[in-house]
Structures are given as C-alpha cells and as structure tokens.
Colleague: 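Here's a structure for you.
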Amino acid sequence: MDLRYEAFCFADRRFYDLQSSTESDLPGDGFSRDLPELPVGWVQAERNVWRHLHPQGVTLPKQGWKIHVSAGLDNASRVLKATFDYCVERRIPFKYLPTISIVLARNSKYAPREGSGKLITIYPAGTEQLQSILTELGATLQGEHGAYILSDLRYGKGPLYVRYGGFSEQWLEVDGQQVLAIEGPDGTLIPDKRKPVFSVPEWVELPEFLAPHLAERNAGDPAKFPYQIKSSLHFSNGGGVYLATRKSDGKEVVLKEARPHAGLDREGRDAVARLELEHTILTKLEKVPGVPEVYDRFTEWEHLFVAMEFMPGRSLGQWLGHNYPLTHKDTTDEQLAEYRERALKLVTKVEDLMARVHERGVVFGDLHTLNILVDDDDEVSLIDFELSSTIEDVKRPTLGAPGFQAPSDREGFEIDEYPLAALKLWIFLPLNAVLELSPAKLKQHVHVIQQRFGLGDEYCRSIVDVLTPRVDPPEEPAFTAFDDPEPDWTVVRKSIATAILHSATPQRQDRLFPGDIEQFEVGGTCFGYGAAGVLHALDVSGEGRYPEHEDWLIKAVRKDPPKQPGFFVGAHGIAHVLENFGHHDLATELVEGYTQLVATTRDHGLSAGLSGIGLNLLHFADVREDHGFAARAEELAERLAEQLAGAPGPGDKAKAGLLHGWSGPALFFLRMFERTGERRWLRLSEQALERDLAETMVALDGSLQVRDGTFRSLPYVGIGGAGIALVLTEFAAVAPERPCVEKLPELLTGCTGEFVIQPAFALGRAGLMATLAQAAAHKPDERLDRAIQQHLRALGWHAVRYGGGLAFPGVQLRRLSMDLNTGGAGVLLAIASTVDGRPPLPFLGRTQAPVLANR
C-alpha cells in the first residue's frame with residue numbers, strides 16, 4: 001500500500017487533494033492566526049501545505065544543513081510563536097504548517113514516516129548560523145515536546161533536529177519518477193535522500209558541534225535490549241511491528257513499538273496511548289482462543305514496547321489474493337462453488353471469534369482484512385487491538401480501514417457488527433471502498449455476488465440490512481447504464497464526459513481536473529495526470545473540444561511550466577495535445593524549450609523518458625512534414641539503442657510494461673522501422689520486447705504476467721503484461737514470424753480475469769480491456785471478445801454517480817479521479833477504443849508502410 005494517499009484524503013471527501021491553509025472544524029485549527037504581522041521587507045508564499053516566509057535581500061545556498069522543529073497538537077501554537085519571533089527578528093528564512101488539521105494529517109498513523117514531526121523548517125545561511133540557531137532557539141524551546149523526526153539528527157533533548165538537504169527545488173528522474181535532488185561535489189544531481197533514517201552525504205562533513213549529539217543518538221546498547229529482533233513485519237508512522245525472540249528463554253514473540261507524539265488519530269491520541277490500551281485489552285481477553293496472549297510491556301529509548309504471542313497465518317487480504325477465483329482466467333462453476341463454501345466457513349469462524357471477544361465485554365473496533373489472520377488449516381485469529389474498548393466505556397474508533405469502519409450512528413457491539421457485514425460482502429467482491437464514495441452501490445454489489453456465487457437470500461439480506469445507512473439512506477438508483485441489457489455506449493460515454501466536465505475547477509491554478517496525487521508532484525497540466533490528458537481523451541472519444549479549458553491549460557503552462565520533458569509527466573505530452581488542437585506556437589516552445597533537459601535524460605520509459613519524447617518528435621515530423629524532428633528522434637533512438645545494449649537484468653521490483661519498461665522503447669524502435677525501413681530498428685524493437693518479457697512469470701492461473709517481487713504478478717498496462725502485449729500486438733502485425741510473438745496469447749490471457757480491483761487505464765480494468773480490443777482488432781478471437789464484453793459490463797461495478805454523470809475511483813479507490821492514467825478520462829478513452837476502434841493512446845493503434853526502401 002502506498003501510504004502517501006492517506007494524507008490526501010483529509011481535504012475532500014470526493015477527490016484527492018492537498019490540505020489548504022484554510023481552517024477546519026478541529027479545535028484550535030487557526031493557531032497561526034495569532035502570529036503577529038510580518039514587518040516590511042518579508043515575502044510570504046503558500047506552496048502545497050507549507051507557508052514560506054523569506055526576508056527580502058537574503059540569499060540562501062541551494063543546499064545545506066536545515067533545522068526542523070517538532071511539536072504536538074497541544075503545543076504547536078506555542079512552539080510556532082516562539083520560532084516565528086526568533087526567525088523574524090533575525091531575518092532567517094523559514095516555513096511552517098499553518099493549521100492544526102495539516103499538522104494532524106502529517107503526523108497521523110499512516111502518514112509517510114520520513115515527514116512526520118516537522119512543524120517548521122528553518123534555513124540557516126551557513127554552519128555558523130546553524131550553531132547559533134540551535135543554541136539560542138534550543139534554549140527558548142527547552143521542555144517542549146514533539147514526535148521524533150526519523151530522518152534527522154536530534155539536537156539535545158528538545159524539539160530541534162538537523163539534516164543536510166536541498167534548500168531550493170531541484171529535480172531528478174529515478175526509475176521514471178521525479179525525486180528532489182541535491183548537487184554532488186562535481187555539480188551532478190543526485191537524489192536528496194528523505195528516508196526515515198538519519199544519513200549524511202559521503203562528501204559532507206558533520207559539523208564538529210553536532211558530534212556529541214550523534215554520539216548520543218548511537219549510545220544505546222543493543223545487548224541490554226531484552227529481545228532479539230529477527231525481522232520487521234510492519235511499519236507505520238506510529239512505530240514498528242517485529243518478529244523477535246525473548247533473550248531470557250528464546251521464546252518467539254511479536255514485538256510492537258509505539259513512538260510518543262506520533263501516529264496520531266483524529267482525537268490526537270498518539271501511538272503510545274493506543275498501545276497502552278491494547279495491552280490492557282489483551283490482558284482482559286487472556287485465554288480467548290484466536291486472541292494473542294500478552295507477555296511483556298516495557299519502555300526503551302522513550303518508546304513503548306509490548307511483547308505478545310505470535311499468531312500463525314497470513315492476513316485475510318493475502319489469503320484472498322491467492323484464492324479468489326474471479327481474478328483467474330476461465331473460472332469454472334466448480335471453482336466458484338468450492339470457493340463459496342470455503343469463504344462461508346471462514347466468515348462463520350470470524351463471527352464465532354468476535355462473539356467470544358464480545359462475551360468478555362470488549363468491542364474490537366477495527367475489524368478488517370489485515371487484522372484477521374488465516375492459517376494453513378483455515379483457522380482464524382485477530383490481531384491489532386489498539387482501537388478496542390470495553391462495552392462499559394466504548395471509544396468510537398477514529399482510525400479505520402476504508403469500507404469497514406462503522407458509521408457514527410452505530411453503538412456498542414454494533415460497531416463490530418458493521419465490519420462483520422462488510423466482510424461478508426468483501427470476501428466475494430472486495431470493492432468495499434467504493435461504497436464510501438457511493439452507498440447506493442451496495443445493492444448492485446450484493447446483486448453481483450448473489451448471481452455470481454449463488455448465495456442465498458438470507459445471507460445477502462444480512463449484508464444489506466446492516467450496511468444500508470440509517471441516516472440519509474441513498475435515494476439514487478443502485479444500477480447505472482452499464483447494467484442495461486444492451487448498454488447504449490453513446491449514453492455511457494456522454495455520462496462519463498459529463499462527470500469530468502462537472503469536476504473542472506478553472507478557478508484553481510494548480511489543477512483543472514481532480515486526479516491522482518501525482519498531479520501535485522508533476523503538475524496539473526500533464527498528459528498522464530493533468531488537464532492535457534483529460535482534454536485529449538474528451539476529443540479523441542468524440543466528446544468534444546472545450547476552448548475555455550484549453551485556455552486554462554495554455555495559461556497554466558505559461559505561468560508554471562512543467563518540471564520535466566517526458567510525455568506522460570512533462571512538456572512533450574502537453575505539446576502533443578496543444579499541437580493537435582492547433583496551438584502550434586506554444587507546442588513549439590515546449591518542444592524546443594526542453595532540449596537541454598532531454599539531452600541529460602537517461603530514463604528510457606514512455607512516461608518520463610526518451611521513448612515517449614522520441615515518439616512525439618516523430619509525430620511532429622509527420623504532422624508538420626519536418627524532417628528536422630525526425631532527425632532528432634533518430635538521435636534519441638540511437639541513445640536508447642546504446643542503453644538497451646548495456647541494460648541490467650530484471651530486478652526485484654517490476655518495471656516492465658508500457659510506461660516504465662522497455663516496451664515503450666520497443667514501440668519507438670518499431671515506429672522508426674516503419675518510417676525508415678531500416679531492419680536494425682525492428683531488431684532493436686524485438687530486443688526491447690525480449691528485455692521486458694524477461695521480467696514475466698507464469699501467474700497462479702497459468703497466464704503470463706510481469707513478476708513483482710517473489711510471489712506477486714501484474715497484468716496491467718503501465719506496469720504489467722498488458723503493456724507488453726499492446727506493443728507486441730503491433731510488432732506481430734509487422735513481424736509475425738519472430739519468436740517473441742509466441743508469448744502474445746499468454747500475455748493476453750492475463751488480461752481476461754473477471755475481477756480487477758481498479759478501473760484505471762494504467763493500473764486497472766480499462767487498460768486490460770483496451771489491450772484485448774487492440775489484439776482482437778488485429779486478429780479476431782471469440783475468447784477475447786467474451787472477455788472484452790465482460791470488462792465493459794464490470795466497469796459498472798466502479799461507476800459512481802457524480803455531477804449528473806458517471807465517475808470512477810482512482811488508485812486505492814479512496815477518492816474519485818478524472819485523469820487519464822487513473823480515472824474517468826482513461827476509462828472514457830478505453831471505451832472509445834473498444835467500442836469505436838479509436839486509438840487507445842497516442843502512438844498506438846496504427847501501422848504504416850515504410851516511407852523509404854528497405855536498406
């Protein structure tokens with residue numbers, strides 16, 4: 001799970017968004033309002049969640065030692081006021097989080113650990129000023145508390161921390177992703193490491209006055225720690241969970257760690273308070289089968305630890321990933337019946353275990369699929385009691401898993417009855433998170449599982465009766481146009497376009513259409529996550545051009561140009577759309593203005609790298625009949641050929657696929673062959689495809705998918721087998737006799753599973769459907785046609801009514817998205833490609849005869 005998404009769920013219940021500096025309903029949220037006015041000569045600016053204050057005339061280096069100030073919710077106002085006064089008086093640049101709600105979000109349990117604790121960042125002009133600030137401000141803030149900042153070195157015992165890093169934003173591509181960078185000793189950009197561990201670049205010397213503080217950090221004696229850590233099981237912002245052995249007798253245990261002032265819940269309770277509670281609850285549940293026995297509780301280095309029994313098995317979520325039949329190809333009625341009986345028995349065992357917990361007067365409070373373990377004999381146990389309470393003093397959980405957390409109108413043991421009913425639905429259709437976006441989907445989802453798994457009326461009624469909202473039950477229909485016996489795809493496309501257009505926010509400067517959280521990193525104008533891709537999808541799908549939105553895109557690009565040249569995340573994708581819309585001058589500026597960045601780009605992918613840029617240059621060469629663009633494309637192709645020759649073998653983490661793998665260069669080489677007739681480009685295309693195919697594995701259902709780690713396999717377009725299949729389909733049309741083409745049927749089989757967790761194009765059902773449609777257009781196949789029809793209908797499982805149309809949840813299903821990679825624009829494009837034969841993406845869906853003779 002990508003923990004970054006949690007922080008983007010606080011600001012809006014519909015869309016992923018940044019928290020603004022405006023206040024919420026949290027007590028004391030406007031704490032920064034009490035700050036005095038800035039004196040003349042200061043500049044204030046809002047950037048993402050931070051408020052930056054900079055004295056005019058003060059010039060900072062690009063990088064150096066920075067100071068972070070930590071605080072809790074209860075003392076943030078006091079710490080901020082003291083630091084503000086100190087820095088303003090001495091004209092020292094700094095930034096701070098302006099509201100308590102933002103502080104809470106960045107310190108919550110599932111916020112990224114490397115950013116936790118940071119309330120204020122101070123930028124000293126040099127080492128001398130660094131020391132004076134730490135000495136003087138440290139004295140002022142003596143006795144104040146805050147979460148330990150894991151990425152930094154603590155100064156003394158107070159809330160001040162230091163780290164060497166960038167002051168100004170510099171960006172570097174790493175594995176297709178943009179990361180913040182600093183300059184090495186020779187001026188070369190390297191990643192500005194922001195991991196939850198203190199480190200110093202090898203060429204940077206730790207200031208002498210910080211040496212005692214580093215020694216203090218390293219002063220702990222591991223030999224005195226009563227447990228031997230064997231492995232880490234889980235990390236959150238609140239602490240870690242470890243598999244360990246007790247040194248006194250060698251007993252294997254699970255050791256939970258809680259950090260003070262970190263991992264906050266909505267009520268401001270930290271991880272320590274919750275682990276104290278868990279210890280109390282486990283003691284109360286002693287000897288209940290299926291509940292871990294608690295052994296020990298102690299504090300070490302300010303952290304609370306609790307040792308408890310190791311419960312065998314894997315999470316129910318992992319169990320479902322290995323056993324759920326609808327993710328596999330060609331599921332039989334016998335397999336469905338076998339799964340139904342096994343799943344029903346598991347549900348019954350969980351119900352029985354919860355009844356035993358309730359008999360002891362405990363409300364579990366956090367029942368979901370990661371807190372239920374299933375062993376090899378399908379016996380179940382519960383873990384993670386930190387949100388539990390007694391029935392005499394029920395504490396409503398303020399944390400919880402999407403789709404399983406009871407609404408506020410449930411009391412007592414009803415708080416557990418709700419997730420039990422949610423579990424009964426999830427184990428047959430694991431899309432509960434969608435119900436938080438649209439409770440009306442409940443009846444549709446229950447209808448799906450009843451029809452597909454042959455479940456009885458009583459079982460289904462027990463789900464609906466409990467999960468239906470008691471307050472404001474949904475009045476909108478449960479079913480959509482996707483569920484009609486013969487869907488009118490013109491109506492469906494129009495409904496998706498309506499929702500997209502309704503979501504537009506032209507008054508905002510950072511983004512026009514809400515999408516994935518990546519738009520706040522790479523910008524709201526780009527092709528994959530921003531306005532350019534959405535406008536492209538609307539146009540190509542036949543849903544029209546929107547000049548007012550094109551004007552927004554033009555103004556936004558001119559005001560805040562993209563950070564990088566890549567096609568899906570930078571200038572070339574925007575230029576492609578603007579060129580097609582007739583905005584030739586700005587398109588030219590974008591292509592020409594990033595020439596130097598292209599010259600230093602090493603990434604080979606279609607998303608951020610050379611293959612996407614090269615394909616766009618070929619596009620410009622075609623539409624403008626300008627061989628200069630073609631010559632520049634050939635230069636990039638030559639660079640890619642050199643990289644391919646020296647490319648390392650597959651690693652543990654999957655990259656193969658259309659956006660980040662070698663399938664993007666394979667498509668570029670194929671287009672170079674079609675343009676020039678030079679067979680070396682065709683050979684290079686084959687080599688690039690073979691490089692991606694080297695990352696594939698036979699999945700659990702026998703299909704060919706991309707290997708991700710040891711056991712997981714991916715079928716998707718962005719990363720996965722579908723991305724390879726899209727290019728291999730077009731390669732097969734040119735060179736059907738080549739050996740790599742034999743892998744195409746197996747890759748396509750990986751796209752036929754009935755269940756897909758996300759509707760997205762890059763990482764979901766829409767992309768699988770478009771891949772099958774492209775293959776069927778090249779070579780008709782009844783089996784693929786059946787899978788395509790199944791995908792078209794099943795997109796309705798995710799379709800949510802919004803703004804008079806239909807919208808789709810993005811990554812993790814927590815919020816709606818309208819962008820091309822993860823949201824409604826990608827679904828719209830996939831439907832247009834599947835139903836109308838439109839190109840699924842630029843540079844795909846076409847072949848052409850060489851314009852030059854074979855050489």
Side-chain angles (χ1 to χ4, degrees), residues 1-2 5-6 8-9 12-16 317 320-321 324 326-327 368-370 400-407 418-419 421-453 460 463-464 466-469 472-483 492 495-496 499-500 503 514-516 753-761 763-766 768-769 790-803 805-819 822-824 826-827:
M1 178 184 291
D2 189 338
Y5 284 83
E6 178 71 19
F8 291 85
C9 291
D12 193 300
R13 294 185 63 84
R14 285 279 186 183
F15 303 108
Y16 292 121
L320 182 130
Y324 189 57
L326 296 189
T327 57
H368 61 81
T369 60
L370 296 181
F404 287 87
Q405 189 173 15
Y418 185 92
L423 175 67
K424 295 169 74 172
L425 173 61
W426 174 91
I427 204 165
F428 291 105
L429 190 69
L431 294 176
N432 289 31
V434 177
L435 301 183
E436 292 201 352
L437 294 170
S438 176
K441 302 288 291 181
L442 173 62
K443 291 183 178 179
Q444 182 207 33
H445 286 189
V446 170
H447 176 77
V448 169
I449 67 171
Q450 184 167 27
Q451 296 298 310
R452 202 69 187 92
F453 288 93
C460 294
I463 298 172
V464 174
V466 176
L467 297 189
T468 298
D472 297 326
E475 298 179 358
E476 62 189 39
F479 298 91
T480 69
F482 283 96
D483 302 299
V492 171
S495 295
I496 299 172
I500 291 172
S503 75
D516 190 72
E754 184 175 349
F755 178 80
V756 187
I757 189 68
Q758 294 174 164
F761 196 108
L763 294 172
R765 186 185 296 278
L768 304 185
M769 181 181 73
Q790 189 176 73
H791 281 317
L792 279 168
R793 295 299 185 93
L795 280 169
W797 299 353
H798 292 89
V800 170
R801 296 181 188 276
Y802 170 77
L806 295 176
F808 294 85
V811 172
Q812 296 191 3
L813 308 182
R814 301 288 303 277
R815 296 293 186 267
L816 301 177
S817 172
M818 301 298 173
D819 68 38
T822 72
V827 174

Colleague: I need the minimum non-hydrogen distance between Ala421 and Leu467, along with the two atoms involved.
Modeller: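 Minimum heavy-atom contact is CB-CD2, 3.8 Å.
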Colleague: Does Gln758 reach the main-chain N or O of Gln812 with its side chain, forming a donor-acceptor pair under 3.5 Å?
Modeller: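 Yes; judged by distance alone, with no hydrogens or angles, the pair exists.
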Colleague: What distance separates Gln450 CD from His445 NE2, expressed to the nearest 0.5 Å?
Modeller: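 Taking CD in Gln450 and NE2 in His445, the distance rounds to 14.5 Å.
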Colleague: Going by the rule ring-ring contact (aromatic ring centres under 6.0 Å, His included), which residues pair with Tyr418 if we only count those two or more places apart in sequence or in a different chain?
Modeller: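 Per chain and number, Tyr418 pairs via ring-ring contact (aromatic ring centres under 6.0 Å, His included) with no residue.
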Colleague: What's the separation between atom CD1 in Ile449 and atom CG in Leu425, rounded to the nearest 0.5 Å?
Modeller: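 Answer rounded to 0.5 Å: 5.0 Å.
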Colleague: What pair of heavy atoms forms the shortest contact from Leu437 to Leu813, and how long is it?
Modeller: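 Minimum heavy-atom separation between Leu437 and Leu813: CD1-O, 3.6 Å.
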Colleague: Could you pull out the closest heavy-atom pair between Pro809 and Pro759, with the gap in Å?
Modeller: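 Heavy-atom minimum between the residues: O-CG, 3.4 Å.
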Colleague: Got a second to check how far Leu423's CG is from Ile463's CD1, nearest 0.5 Å?
Modeller: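 Leu423 CG to Ile463 CD1: 9.5 Å, rounded to 0.5 Å.
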Colleague: Output all residues satisfying side-chain hydrogen bond (donor to acceptor under 3.5 Å, both in side chains) with His368, sequence neighbours left out; order by chain, then residue number.
Modeller: Asn371
Colleague: Roughly how far, to the nearest 0.5 Å, is the CZ atom of Phe482 from the OG atom of Ser495?
Modeller: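 Interatomic distance, Ser495 OG to Phe482 CZ, rounded to 0.5 Å: 8.5 Å.
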Colleague: Answer yes or no: is there a donor N or O on one side and an acceptor on the other, between the side chain of Gln444 and the main chain of Asp483, under 3.5 Å?
Modeller: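 Not confirmed, Gln444 side chain does not pair with Asp483 backbone.
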Colleague: Which residues pass the side-chain hydrogen bond (donor to acceptor under 3.5 Å, both in side chains) test with Tyr802, sequence neighbours left out?
Modeller: none
Colleague: Is there a side chain to side chain contact (heavy atoms under 4.5 Å, CB included) between Val448 and Phe428? Walk through the geometry before answering.
Modeller: CA-CA 9 Å; Val448 169; Phe428 291 105; over 6 Å; no
Colleague: Check whether more than 12 heavy atoms from other residues, nucleotides or ligands sit under 6.0 Å from atom CZ of Arg13, and answer yes or no.
Modeller: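 Atom CZ in Arg13 is not crowded, with 12 or fewer foreign heavy atoms closer than 6.0 Å.
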Colleague: Is the shortest side-chain heavy-atom distance between Val827 and His798 below 4.5 Å?
Modeller: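 Side chain of Val827 against side chain of His798, heavy atoms only: no contact under 4.5 Å found.
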Colleague: Minimum heavy-atom separation for Pro439 to Pro469, with atom names?
Modeller: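 So the minimum-distance heavy-atom pair works out to CB-CG, 3.9 Å.
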Colleague: CE/Met818 to CD1/Ile496 distance, rounded to the nearest 0.5 angstrom?
Modeller: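 Rounded to the nearest 0.5 Å, the CE-CD1 separation comes to 10.0 Å.
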Colleague: With sequence neighbours left out, what residues match Glu436 under salt bridge (charged side-chain N to carboxylate O under 4.0 Å, His left out)?
Modeller: none
Colleague: Find out whether Cys9 and Tyr16 are in side-chain contact, i.e. whether some heavy atom of one side chain is under 4.5 Å from a heavy atom of the other.
Modeller: yes
Colleague: Looking only at heavy atoms, what is the nearest atom pair of Ala499 and Leu806, with distance?
Modeller: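 Answer, listing the atom of Ala499 first, then Leu806: CB-O, 3.3 Å.
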Colleague: The criterion is side chain to side chain contact (heavy atoms under 4.5 Å, CB included); which residues satisfy it with Ser438, sequence neighbours excluded?
Modeller: Ala440, Lys441, Glu476, Val800
Colleague: Just jot down the side chain to side chain contact (heavy atoms under 4.5 Å, CB included) partners of Glu754, sequence neighbours excluded, or say none.
Modeller: Leu326, Arg452, Gln790, Trp797
Colleague: With a 4.5 Å heavy-atom cut-off, do Pro477 and Arg801 have their side chains touching?
Modeller: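 They are in side-chain contact.
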Colleague: For Arg815, check side-chain hydrogen bond (donor to acceptor under 3.5 Å, both in side chains) against everything at least two apart and list the hits.
Modeller: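 Partners of Arg815 by the side-chain hydrogen bond (donor to acceptor under 3.5 Å, both in side chains) criterion come out as none, since no residue qualifies.
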Colleague: Using the rule given for side chain to side chain contact (heavy atoms under 4.5 Å, CB included), can you reason through Val756 versus Thr327, listing the C-alpha separation, both sets of side-chain angles and the distance that settles it, and then say yes or no?
Modeller: CA-CA 7 Å; Val756 187; Thr327 57; over 6 Å; no
Colleague: Sequence neighbours excluded, which residues qualify as side chain to side chain contact (heavy atoms under 4.5 Å, CB included) partners of Pro430?
Modeller: Leu320, Tyr324, Trp426, Phe755
Colleague: What is the minimum heavy-atom distance between Leu792 and Met769, and which atoms define it?
Modeller: CD2-SD, 3.4 Å
Colleague: State which residues pass side-chain hydrogen bond (donor to acceptor under 3.5 Å, both in side chains) with His791; sequence neighbours excluded, sorted by chain then number.
Modeller: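 Counting only residues at least two positions away or on another chain, His791 forms a side-chain hydrogen bond (donor to acceptor under 3.5 Å, both in side chains) with Arg765.
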Colleague: Quick one: side chain to side chain contact (heavy atoms under 4.5 Å, CB included) partners of Pro419, sequence neighbours excluded?
Modeller: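 In terms of side chain to side chain contact (heavy atoms under 4.5 Å, CB included), with neighbours along the sequence ignored, Pro419 is linked to Leu367, Phe404.
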Colleague: Could you check whether any side-chain heavy atom of Leu795 comes within less than 4.5 Å of a side-chain heavy atom of Val492, counting everything from C-beta outward?
Modeller: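 Leu795 does not reach Val492 side chain to side chain.
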